[in-house]
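Input: a single structure, listed below in structure tokens.
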Amino acid sequence: MPEKTTMGGAGLIGILILAVVLIAVPHLVSFSQQELLVLLTINVLVVVSYRLQTLTGEWSLAHVVMMGAGAYGSALFAKSFGFPVPLAMIAGAITAGLIAAALSFPLFRMKGFYFLIGSFAAGEILRLIWKRFTDPFGGPKGIQRIPGFPEIDLGFIHIDFYDPANYYYLVLVVVLVSLWVLYRVEKSRIGLTFNAIHWQDKLSESVGVDAFRYRMLAFVIASFFAGLAGALYAHYLSTVNPNQFDVNTMVYVLIWTIVGGTSRWYGPILGVVALTIVDEVILRSIGVDQVRPLLYGLILILAILFLPNGLESVVIKAKDALLNRGRAGVPDGSAALRK
Amino acid sequence: MPDFLLQTVFNASYAASYMALIAVGLVLIFGVMGVINFAHGELYMAGAYAIVFFYAWTGLPFFVAVALGLVFVGCLGVLMELTLFRPLRTNPLGGLIASIGFLLILQTLAVLGFGLRNQNVPSVTQGRITVGGAFLTYERLYVIIATVVLLAVLWLFLRRSKFGWALRACAQDREAAALQGISINQTARYAMFIGAALAGVAGAMTAPLVAPSPYMGHGVIVTAFIIIIVGGIGSLEGAVVAAVLYAFVHTFVTTFYDGVIANIVGLLLMLAVLVVKPQGLFGVRERA
């Protein structure tokens, strides 16, 4: 069911509070947490773009490799071809999108679990090529000394992006713009068609929808933004290597997305933020580093057993409860919860 | 050169054997439960650590330790079924995430109990068969024999016993099987025990050859996924054929080029099969 699109006063206040928190947060945390914050913000873009890809009903395991394609592309454009960094980032993202378009032809012959593993294989081949060929990809060590984002110097104002707090603001702007674009895509005719293909692919094909082209489109858009996230990542860490984009990382993206929930655009964001805070802040502060994966595993199991529709289901229920408080006896609410 | 070829054939047969055990277990679990068991590589790891504990530390005879490992890992599988897959039966993606959680727990327990470093398992026997210049150690031969015997027994069990019929019925259509009076819970429990135990035996039998480590399951699960896809998900015969095919291609390319090229070739092989036959070599139809 469509969500309410008009915004009440409460929504406006919520957005204001969120904006203040997002702007203030780098000044409230330690230096190492600032670095974490940059990565977390990049990961938000990774999971939200991943969710767009899953709207068509196919779950790819190549998403993190697409992120890597953007990272490698951007690093090579900047380092070997001398592109200015902002341009290299966009070129890297486009590279990821083009690779996704090419991969669509073999991959979308498959469906379901076959697509899942097929996309894994395609991504893994790409990753192994980076690992095997030292020229130009640097082999297992990857590419080092990637140029950073150029500093802005207007005389009266001077912004140095080697400072994680400043880089965080840059990432925040890029990610927010990307999220807005992804949101608009989902709410547009294209996004509705993605949903139609997911739930009724035969029916939508019978009314003239080319399912292959829409699946490809979703894959390309998602990969473009994953590539953009990868580019942000590469110029921040100034090094990329094949192991950063292996299946372990992909498993984490999958976990964040599913634990957060995928029926709303904010579900994966809840997943990545909550699980990152639990793992990196709470579990780390307990100081039991060796047992951390075990506790993380337990939390995953409990989350999926008790919140099978993701963390977003809590928000949806809370929202319904608030909305229905005034008009009791209207039994919509949780009916719109899923699908 | 013929010796060298024969040696590579021996190596490939060994690799094909234990990979077939792992892949068949994975297929069985997917077929009956409809869930992708990401923790399957860690069940293999648990089998190897059972040997470290019962054989290397406690000093029980090797084959007794293997039997204990089989039962232990099988019980781990039943535990997974009861606590994770049964409540998540209608939620395959949830089952996937839960199995990842279980994987992390098993890995951490292995680190806590045995440490991070590779374990040294004393060899069972020094004997070997020599054919010309090529040789096959008894330890590797045992793995091949165990695989052939176990898979033959499993095949007979599935084809001839009443319970095997029930298991295959569940794999084909769970609701229809339930309507015929087959207990889904019981079938799932058995399938999970058998599937896990096969991975456990693979780990136990290969433990003296591979020096177990807590993260040894990782490479295995990826290969197992490739194999079950090439064979066609849900097809036990397909898994065996694909395991042999993959192991021979991979071993030969590794011997003549290098490991990374072999991985790339293996994945290309799989993509090629999927492009030509999107349901795998022996796959019949897509499970919803």
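Remember, it's a predicted structure, so these values are computed and weren't measured experimentally. Every chain is numbered from 1, with letters handed out A, B, ... down the list of sequences.
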For B/I264, is it the side chain, the backbone, both or neither that has a heavy atom under 4.5 Å from a heavy atom of chain A? both
Do the rings of B/F53 and B/W57 sit parallel, tilted or perpendicular, given the 30° and 60° boundaries? tilted
Please work out which of the three classes, parallel, tilted or perpendicular, describes the rings of B/Y49 and B/F114, given edges at 30° and 60°. tilted
When B/N91, B/L271, B/I226 are compared by non-hydrogen pairs under 4.5 Å with chain A, the top option: B/L271
Of the listed B/V260, B/L96, B/V275, B/L116, the one with the largest count of heavy-atom pairs under 4.5 Å with chain A is B/V275
Looking only at side chains, do B/T8 and B/N11 share a donor and an acceptor under 3.5 Å apart? no
Name the region of B/L106, side chain, backbone, both or neither, that has any atom closer than 4.5 Å to a heavy atom of chain A. neither
Proximal component of A/F105, with respect to chain B [non-hydrogen, under 4.5 Å]: neither
Could you tell me which portion of B/V273 (side chain, backbone, both or neither) has an atom closer than 4.5 angstrom to a non-hydrogen atom of chain A? neither
Side chain, backbone, both or neither of B/L93 within contact of chain A (heavy atoms, under 4.5 Å): both
Check each atom of B/T90 against the heavy atoms of chain A and say whether the ones under 4.5 Å are side chain, backbone, both or neither. neither
Do B/F30 and B/F225 have their ring centres less than 6.0 Å from each other? no
Measure up the A/Y252 and A/W256 rings against each other and bin them: parallel (under 30°), tilted (30 to 60°), perpendicular (over 60°). tilted
Less than 4.5 Å to any heavy atom of chain B: does that hold for the side chain of A/L302, its backbone, both, or neither? neither
Between A/K202 and A/E205, is the salt bridge (charged side-chain N to carboxylate O under 4.0 Å, His left out) condition met? List the steps. CA-CA 5 Å; A/K202 291 281 182 296; A/E205 278 186 337; 5.2 Å; no
Relative to the ring of A/F219, is the ring of A/F115 parallel (under 30°), tilted (30 to 60°) or perpendicular (over 60°)? perpendicular
Top of B/D258, B/V111, B/N263, B/L268 for chain A proximity - count of heavy-atom pairs under 4.5 angstrom: B/D258
